[in-house]
Protein chains: 2
Amino acid sequence: MNYSVSEENYIKSIYHLQQQTDTVTTNSLANELRTKPASVTDMLKKLQTKKLIEYEKYRGFKLNANGNKIALGIIRRHRLWEFFLVNKLGFEWDKVHVIAEELEHVSSADLIERLDSFLKFPQTDPHGDPIPDTNGKMAFIKQLNLAEIIVKKNIVVSSVGSQSPEMLEMLKHYHISIGTSLKVIKHFAFDGSIEIKVLQYTPCIISEQVAKNIFVHHD
Amino acid sequence: MNYSVSEENYIKSIYHLQQQTDTVTTNSLANELRTKPASVTDMLKKLQTKKLIEYEKYRGFKLNANGNKIALGIIRRHRLWEFFLVNKLGFEWDKVHVIAEELEHVSSADLIERLDSFLKFPQTDPHGDPIPDTNGKMAFIKQLNLAEIIVKKNIVVSSVGSQSPEMLEMLKHYHISIGTSLKVIKHFAFDGSIEIKVLQYTPCIISEQVAKNIFVHHD
DNA sequence: ATTAAAATTTAGACAAATCTAAAAATATTA
DNA sequence: TAATATTTTTAGATTTGTCTAAATTTTAAT
C-alpha cells in the first residue's frame, strides 16, 4: 500500500500523540497538524477504511498494529534523513526538521536501506531519538527528565522534547546538545528553575520549561 | 515563488521538449506527461498567469526567461540527486531516475547547495548530462551522435539519450557506460547498424536505434 | 438530573488537478 | 477551396484534501 503525503502526516502525528495518551482526540490532532477538527474527522474515516486506525465516533482513536508499522516507517525515514543532513551535509541540528519532513515522503524502500547503510546504520537521530529498524523495531531508551534530576552526578543529554528552532537555538546558547555532559547544581523552588553546570562553562540557570524538554541518562 | 509538484513536472517537460522543437504542442506535452490534452490546456493557463510561459491559444507555447530558470533549477536538483544516488548510495545508473523525480521536488535551496558541495560540485550526472549551476548556467557539451561517427579513432561515451531501464540494461550488457572508450569499426548500410569495439571486449554490433541514443566526444 | 459548555461530526462549499465528451480552430487533402 | 481529419480548447464532472457553519454528542457544572 502507498499513502499520500497528507495521510502520512496524519499517521505520524497520531503516533506522536499516542506516546503521551493512548487514545487521541480529534481536537489534539487538529492542533498538532494546524488544521481544523472537521478536516481531521474526514481523514479519520479514510484511515479507518484503509484499516490503519481503530476509531469510534466521538470516542477517540488510535493506530492499530498496521498503522503503527506505517508510522514507524515514516519515522525511520525522517530520522535517517535528519542524520544525513547533520552528519553529511553539515546542517545545524535545529534546521533539519522541516527539510526531513519533505524527504520522509519519498517512498522508495531501496533508497532508505541504502541510505541507512551509507550512514553506517545510526542508532539515533541528531536530537537523540532512536531510529526504528526496517521492521519497525525501535530501541527503547530510558529517558530521565532533567527537571526531575536530583543527584549531583554527571549526566548526559540524550534527547530533547521540542525541536522548534526557538528551543534549539536557546539550547545552543547554553552549549547544550546531544551528548553534552552536565551536572545539576541547585533547584529553585520558587519557579522550578534549576542551576546546571556544563563542563568547562560557568554554571547557568535554565527555566523549568526548558528543563522539561531535556532528557538525560546517567553517565 | 513556490511551485507545486505538478507545476514543476509540466515546466520540466516543456523544457525537455523545447530541446528538440522551439515551441511545444499540447499533444506532445500530454504524451510526454502521460496525461490528456485537456489537462495540459488547463495547466497552460495556470503557467501563463504565473508568467512562466508564452502561450497563444492553438499556436503552441514555450518557456519564457523566468520559466527557463525555474526549469534549470529543477534539472539541477534532479541531476545532483542522481549523482548522489549512484556515487554515494551505490545505485545502478538505470535505477535512479524515478527516485530522483521525487527528490527533485524537495524545495530547500540550502539543501541543494550543501548537497552540491558534499558531492564536490560534479559537472555531469551519471548519464553524462551537464548539471546547471545555481544561476541556471549549464555547460554546453558538444554531442556527437554515435550513429554518425565515421572515423575509426577512439571516442568516449559522454551521455545517453534514453534513460529507460530497458535501454540502460542493454547498454550494460554491451559494457557501455559514461566514460567508456570505444571505436566504430563498420557501418552496415542495410539496417544502419554498426559494429563497435569496446576496449578489452570482442567487437559487437548494435542497432541504429541504440546508436542514436549514444552520444560521444573525441578523446 | 438538567442545563450549559466543549468536543465532535455532518452538510455543503471550494481549490487543485485531473478526466470525458463536445465544440471550436487549425491543418490536410482531394 | 471545400470537405475531412487532426489538434486544441471548453464545459462540466470527479477526486483529494481542506474549510465554515450548523447539528449532534459527550462532558462538566450547577
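Any value given below was found using the heavy atoms of this structure, including those in side chains, with hydrogens, waters and symmetry copies removed. From a predicted model like this one, the values you see are computed outputs, not experimental measurements. Every chain is numbered from 1 and lettered A, B, ... according to where its sequence line falls, protein lines coming before strand lines.
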Handout entry: Set of salt bridge (Lys or Arg N to Asp or Glu O under 4.0 Å) partners for B/Asp94, sequence neighbours left out
Key = B/Lys172
Completion exercise
side chain to side chain contact (heavy atoms under 4.5 Å, CB included) filter on B/Gln123, not counting sequence neighbours, yields none
Handout entry: Length of the CD-P vector between A/Glu56 and C/dT9, whole Å
Key = 11 Å
I'd like a table of donor-acceptor pairs (distance under 3.5 Å, sequence neighbours excluded) in which one partner is a side-chain atom from residues 49-59 of chain A, with atom names and distances.
from	atom 1	to	atom 2	distance (Å)
A/Thr49	OG1	A/Lys46	O	2.8
A/Lys50	NZ	A/Glu7	OE1	3.4
A/Lys50	NZ	A/Glu7	OE2	2.9

Handout entry: Contact residues, residues 3-18 of chain B to DNA chain D [heavy atom, < 4.0 Å]
Key = none
Practice task
Rounded to the nearest angstrom, tell me the gap between atom CZ in B/Arg34 and atom C1' in C/dT18.
Solution key: 17 Å
Please tabulate, for the side chains in residues 69-80 of chain A, all donor-acceptor contacts under 3.5 angstrom to protein atoms that are two or more places apart in sequence or on a different chain.
from	atom 1	to	atom 2	distance (Å)
A/Arg76	NH1	A/Pro132	O	2.9
A/Arg76	NH2	A/Glu113	OE1	2.7
A/Arg76	NH2	A/Glu113	OE2	3.4
A/Arg76	NH2	A/Asp116	OD2	3.0
A/Arg77	NE	A/Glu104	O	2.6
A/Arg77	NH2	A/Glu8	OE1	3.3
A/Arg77	NH2	A/Glu8	OE2	3.0
A/Arg77	NH2	A/Glu104	O	3.3
A/His78	ND1	A/Glu104	OE1	2.6
A/His78	NE2	A/Glu82	OE2	2.9
A/His78	NE2	A/His97	ND1	3.2
A/Arg79	NH1	A/Pro130	O	2.7

Practice task
Considering just the side-chain nitrogens and oxygens of B/Ser39, establish if one lies under 4.0 Å of OP1 or OP2 belonging to C/dC19.
Solution key: yes
Could you run down the sub-3.5 Å N/O contacts of the protein with nucleotides 10-14 of chain C?
from	atom 1	to	atom 2	distance (Å)
C/dT10	OP1	A/Lys57	NZ	2.4
C/dT10	OP2	A/Lys45	NZ	3.0

Handout entry: Residues which pass salt bridge (Lys or Arg N to Asp or Glu O under 4.0 Å) with B/Asp191, listed by chain and number, not counting sequence neighbours
Key = none
Exercise for the section: Take the protein atom CG of A/Leu33 and the nucleotide atom P of D/dT18, then report the distance between them rounded to whole Å. Expected result: 8 Å
Problem - Phosphate contact (D/dT9 OP1 or OP2) by B/Thr26 side-chain N/O below 4.0 Å - result: yes
Practice task
For A/Phe61 and C/dT8, give me the distance from atom CZ to atom C1', rounded to whole Å.
Solution key: 10 Å
Practice task
Apply salt bridge (Lys or Arg N to Asp or Glu O under 4.0 Å) to B/Asp110 and list each qualifying residue two or more places apart in sequence or on a separate chain.
Solution key: B/Arg114
Handout entry: Whole-Å gap separating P (D/dT16) and CG (A/Leu47)
Key = 13 Å
Problem - Results of salt bridge (Lys or Arg N to Asp or Glu O under 4.0 Å) for A/Glu101 - residues two or more places apart only - result: A/Lys12
Exercise for the section: Return yes if some donor-acceptor pair links the side-chain N/O of A/His187 with the main-chain N/O of A/Gly192 below 3.5 Å, else return no. Expected result: no
Practice task
Whole angstrom is fine here: how far is it from CG in A/Leu29 over to C1' in C/dA7?
Solution key: 14 Å
Exercise for the section: List for me each residue that meets side chain to side chain contact (heavy atoms under 4.5 Å, CB included) alongside A/Lys186, sequence neighbours excluded, and say none if there are none. Expected result: A/Phe188, A/Glu195
Problem - Cation-pi, B/Tyr15 ring and B/Lys62 (6.0 angstrom, 45 degrees) - result: no
Problem - Between D/dA13 (C1') and B/Lys36 (NZ): distance, integer Å - result: 15 Å
Handout entry: Reading 5' to 3' through nucleotides 1-6 of chain C, protein heavy-atom contacts under 4.0 Å coded B for base, S for sugar-phosphate only, - for none
Key = ------
Completion exercise
Between CG of A/Leu44 and P of C/dT8 the distance, given in whole Å, is 10 Å
Exercise for the section: Please determine if a side-chain N or O atom of A/Arg59 lies less than 4.0 Å away from the OP1 or OP2 oxygen of D/dT27. Expected result: yes
Practice task
Can you tell me which residue pairs pass the salt bridge (charged side-chain N to carboxylate O under 4.0 Å, His left out) test with a partner in residues 160-171 of chain A, sequence neighbours excluded?
Solution key: none
